[in-house]
S.K.: 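First the structure, then my questions, so here it is.
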Amino acid sequence: VPVAYQRRLRCRPLGPARTLALFPSIDPVLPTPGRLLLQEAGFRQRNRRGVPPLGGSGLAMNSDAVHVVGSKVWVLTAEDTWLKAQVTQLHDDGQEVTVKLEGGSEKRLPAAKCPLQNHGRPVEDMTKLPYLNEPGVLNNLMDRYQLDDIYTYTGTILIAINPFQNLAHMYGPQMMMEYKGVDLGELSPHVYAIADNAFRKMVKENKSQSILVSGESGAGKTETSKLIMNYLAWMGGRATAAEDEKGVEQKVLESNPLLEAFGNAKTVRNDNSSRFGKFVEIQFDKDWRISGAAIRTYLLERSRLVNISDPERNYHIFYQLCEGASDALKEELFLKPASEFSYLNQSSCYQLDGVDNAKEFKRTRHAMKVVGIATEEQRSVFKVVAAVLHLGNLSFTDGDEPDSSKIDGDAAEFHLSACANLLGVDLEGLRKALTTRTRQTFDGPIVSPLPVAAATDNRDSLTKTIYSRMFDWLVERVNTAVGQDPHAAAVVGVLDIYGFEQFRQNDFEQFCINLANEKLQQHFNHHVFKQEQIEYEKEEIDWSYIEFVDNQDVLDLIEKKPGGIIDGLDEQCRFPTSTAADFALKLYQGDFIKGSKRFSKPKLSQTAFTIDHYAGNVTYETDNFLEKNKDYVIAEHQELLTTAGCDYIRTLFPVEAEPAGGKGGK
Ligand SMILES: Nc1ncnc2c1ncn2[C@@H]1O[C@H](COP(=O)(O)OP(=O)(O)OP(=O)(O)O)[C@@H](O)[C@H]1O
Ligand SMILES: [Mg+2]
């Protein structure tokens, strides 16, 4: 769904609006129908109540669309923009048409390429559009958006357009009350209606529900997820008598600012972009009160810690700490202004519009307190955050031996000692872990020096390892604080996860994100088509099938064992000397992979591959695939941190943690 909306309508500019879709109440697993339901024209009017039911997918197609002279149509330009036009002539029995575009120019085109325009007022549910085609959908959304109607249904799917302004009148307890217990479609489309529907379905069917929030970066997924969680907390809390149970809801809600401080950052698309995926499961007891919650996070973007480009920022917490820490804390953490830390000053952006870093720091501390992270533990967390900043300022220069390195000068020595102090590790031990590598051989360990570039990479690995372990610890703490209800009657899950990604350069992260989206797409297809089919059969309505493009073959290409891409990657990771070219060659030559229509090799590359995804072709560069797939903690780092003097660091790196070399392939 979101992909279709990436095209723009030129007739009236829509500004920076971004769109997302919510897929409510998705059942766990459904059989593969392998085909798309084609709704018969006019079917919707045959519904008993005389109005379109909101149980459908909204994927109707109008088979009675006939062009006549004078028909108002849409024409797609070379720039992927829909323009309004009118049919002036018919050719070949209406197979082709001549159209006059709004600007005055004429064109001859196949009629099938000129979808008919809808007339009349915008509709709240797009299944009511007489002509349900891409420009019709976009135009309807735009017309509504211009009236501040940011929500529109497509059957049971809610499409939201980011208002980029505070529409306070739309939200809050009064609005919640309005939507409570009201059938979907009875009131204007609203995110509360989706949340209420999920809640009531859970109660009625005694069955867990999920709400999937999907869309491109900046579309409003996280804000929408929070609105859903607010509604569920309000619903689940209303019947709550005991004070302490209210605490559960509060903790769930407070987990948002906490995780956002550590896992969100400014990107070019969104000042508060989530750099991790999140699945929140809100658990309800048999009286349908919130009794616990579980938060799972996915794929925190680690590369951002060591590499940012103007005008983006690193994770919010760094700026919050540098500005918001008290003088005493700043002293304890050897802090300097953000602009003096290399991990932050690669970009000249330190402030966000309308955001006070120091105030946000207070907000973060409050959230930490609510989820039970006491002042002492907060200090430990901030020590780690500061240690990471100091690590970034550890520069290296050529050492005395060939191909060796050493800490570069007094300033870097200061940061080395600050870092060792904050992590509670031995200064010389840290120096050695950063500038040397130890190999275990039959004759005992051999310590070899690392040249400057390798030492720098090694330092960045340590940063990523420490920060991501701390992030996981925070998530775990939230989970512990909120508490799980092993006897929960049912749960409502809210998934806030990145949409399909396609950049000029695509790395392992895009590969993982796009795999997740392929899975969701398949799940969604199956759910929607199956659901529609059941409804039609129930109402004994004429319907027919057409084949639809099932993406199972893409999933096989990536996941099949043996023979798929991930299987090949895992296998290559088992050989320490494997290179990206070896991995790529394995893909190009693998019988199963090269036989897949969804796979191709770009002509001019020996290391890239292209997948024909459900949402388009994406070419992936394999240069970092092996290293990122291994994702292990370097042995020297593990040893250093396991034996740290600081209790908190030892908690992050327990002795039993996976040894160097890892299993890989996770
Ligand atoms: N319903 C809304 N009302 C008002 N403002 C909104 C709403 N939804 C989103 N916004 C605005 O848009 C910004 C971006 O939204 P959000 O962070 O939810 O996007 P996202 O889809 O989660 O993006 P990412 O994938 O980058 O995390 C918000 O910070 C907020 O300013
Ligand atoms: Mg987000």
Side-chain angles (χ1 to χ4, degrees), residues 255 258-265 267 273-279 295-308 312-318 320-321 341 343-344 364 368 373 377 380-392 419 422-423 425 433-434 456-480 497-498 507-513 516 624-642 644 646 648-654 656-666:
S255 68
L258 171 56
L259 297 184
E260 284 181 21
F262 289 85
N264 283 26
T267 66
S273 184
S274 324
R275 310 313 298 162
F276 61 101
K278 187 166 74 167
F279 184 58
I295 298 176
R296 245 173 288 168
T297 57
Y298 307 97
L299 283 174
L300 177 74
E301 183 185 48
R302 290 151 41 116
S303 55
R304 177 166 302 271
L305 289 160
V306 299
N307 193 2
I308 49 169
E312 301 207 338
R313 292 206 321 176
N314 213 312
Y315 290 107
H316 297 328
I317 189 64
F318 293 118
Q320 293 182 5
L321 186 65
F341 288 111
Y343 283 153
L344 311 183
T364 304
M368 290 173 106
I373 302 175
E377 259 179 335
S380 302
V381 170
F382 299 139
K383 277 186 175 181
V384 172
V385 175
V388 160
L389 289 177
H390 290 294
L391 265 179
C419 186
L422 293 169
L423 296 176
V425 297
L434 289 169
T456 309
D457 282 350
N458 189 24
R459 174 201 71 187
D460 288 346
S461 295
L462 181 61
T463 295
K464 292 188 230 175
T465 302
I466 295 177
Y467 192 90
S468 53
R469 279 281 170 100
M470 181 188 67
F471 186 74
D472 291 346
W473 177 87
L474 285 167
V475 176
E476 215 178 286
R477 274 310 287 265
V478 171
N479 280 317
T480 317
I497 199 152
Y498 345 73
D507 208 323
F508 189 59
E509 287 83 354
Q510 279 69 49
F511 177 75
C512 294
I513 289 166
N624 303 317
F625 268 50
L626 291 169
E627 198 207 326
K628 289 186 176 175
N629 186 48
K630 283 182 199 158
D631 190 19
Y632 60 81
V633 179
I634 292 168
E636 286 81 350
H637 300 172
Q638 174 68 31
E639 198 180 316
L640 183 78
L641 299 165
T642 305
C646 165
Y648 178 64
I649 293 291
R650 284 203 313 277
T651 315
L652 298 186
F653 293 89
E656 64 273 16
E658 201 164 284
K663 280 186 274 185
K666 275 189 245 162

S.K.: Given T297 and F279, is the side-chain contact (heavy atoms from CB on, under 4.5 Å) satisfied, shown in steps?
M.R.: CA-CA 6 Å; T297 57; F279 184 58; over 6 Å; no

S.K.: What's the spacing between C646 SG and F653 CZ if we round to 0.5 Å?
M.R.: 11.0 Å

S.K.: Please report the closest heavy-atom contact between D507 and F625, naming both atoms and the distance.
M.R.: C-CE1, 3.7 Å

S.K.: State, to 0.1 Å, how close A387 and C419 come at their nearest heavy-atom pair, and which atoms those are.
M.R.: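 Closest approach of A387 to C419: O-SG, 3.8 Å.
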
S.K.: Closest heavy-atom contact between S255 and V478?
M.R.: CB-CG1, 3.5 Å

S.K.: What's the shortest heavy-atom distance between A265 and R304, and which atoms?
M.R.: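 Smallest interatomic distance, heavy atoms only, reads CB-CD, 3.5 Å.
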
S.K.: To the nearest 0.5 Å, what is the distance between CG on N458 and CD on E636?
M.R.: 7.5 Å

S.K.: In a check of side chain to side chain contact (heavy atoms under 4.5 Å, CB included) between L391 and each of L422, L305, L462, V306, which one passes?
M.R.: L462

S.K.: Keeping the roles fixed (side chain from Q638, backbone from P654), state whether a donor-acceptor pair exists under 3.5 Å.
M.R.: yes

S.K.: Drop me the distance from L474's CG to N479's CG, to the nearest 0.5 angstrom.
M.R.: 11.0 Å

S.K.: So which heavy atom on R650 is nearest to which on A644, and how close?
M.R.: NH1-O, 2.7 Å

S.K.: Would you indicate whether E639, at its atom CD, is surrounded by more than 12 heavy atoms from other residues, nucleotides or ligands within a distance under 6.0 Å?
M.R.: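 Counting other residues, nucleotides and ligands, CD of E639 stays at 12 neighbours or fewer.
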
S.K.: Report the distance from atom CD of E476 to atom CG of L652, rounding to the nearest 0.5 Å.
M.R.: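 Reported value, rounded in 0.5 Å steps: 10.0 Å.
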
S.K.: Ignoring hydrogens, what is the shortest heavy-atom contact between A261 and T364? Give both atom names and the distance.
M.R.: CB-OG1, 3.5 Å

S.K.: I want to check something: taking the side chain as every heavy atom from C-beta on, are D631 and R302 in contact at a cut-off of under 4.5 Å?
M.R.: yes

S.K.: Looking at side-chain heavy atoms only, is the closest gap between I466 and L423 below 4.5 Å?
M.R.: yes

S.K.: Once the angle between the rings of W473 and Y648 is folded into 0 to 90°, is it parallel (under 30°), tilted (30 to 60°) or perpendicular (over 60°)?
M.R.: perpendicular

S.K.: Taking the side chain as every heavy atom from C-beta outward, state whether M368 and F382 have any pair of such atoms under 4.5 Å apart.
M.R.: yes

S.K.: Taking the six-membered ring for Trp and the single ring otherwise, decide whether the centroids of F318 and Y343 are under 6.0 Å apart.
M.R.: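 They do not qualify: ring centres at least 6.0 Å apart.
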
S.K.: In Å, rounded to the nearest 0.5 Å, how long is the span from CG of L300 to NZ of K464?
M.R.: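 Result: 11.5 Å between the selected atoms.
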
S.K.: So, taking the atom named CD1 in I308 and the one named OG1 in T267, what distance separates them when rounded to the nearest 0.5 Å?
M.R.: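 I308 CD1 to T267 OG1: 12.0 Å, rounded to 0.5 Å.
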
S.K.: side-chain contact (heavy atoms from CB on, under 4.5 Å), that's the test. Do F262 and V385 meet it? Break it down for me.
M.R.: CA-CA 9 Å; F262 289 85; V385 175; 3.9 Å; yes

S.K.: Where does the angle between the aromatic ring planes of Y467 and Y315 fall among parallel (under 30°), tilted (30 to 60°) and perpendicular (over 60°)?
M.R.: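 Ring orientation, 0 to 90° scale: parallel.
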
S.K.: Side-chain contact, heavy-atom cut-off 4.5 Å: I295 with L259?
M.R.: yes

S.K.: Stepwise, does the side-chain contact (heavy atoms from CB on, under 4.5 Å) test hold for V384 with R469?
M.R.: CA-CA 10 Å; V384 172; R469 279 281 170 100; over 6 Å; no

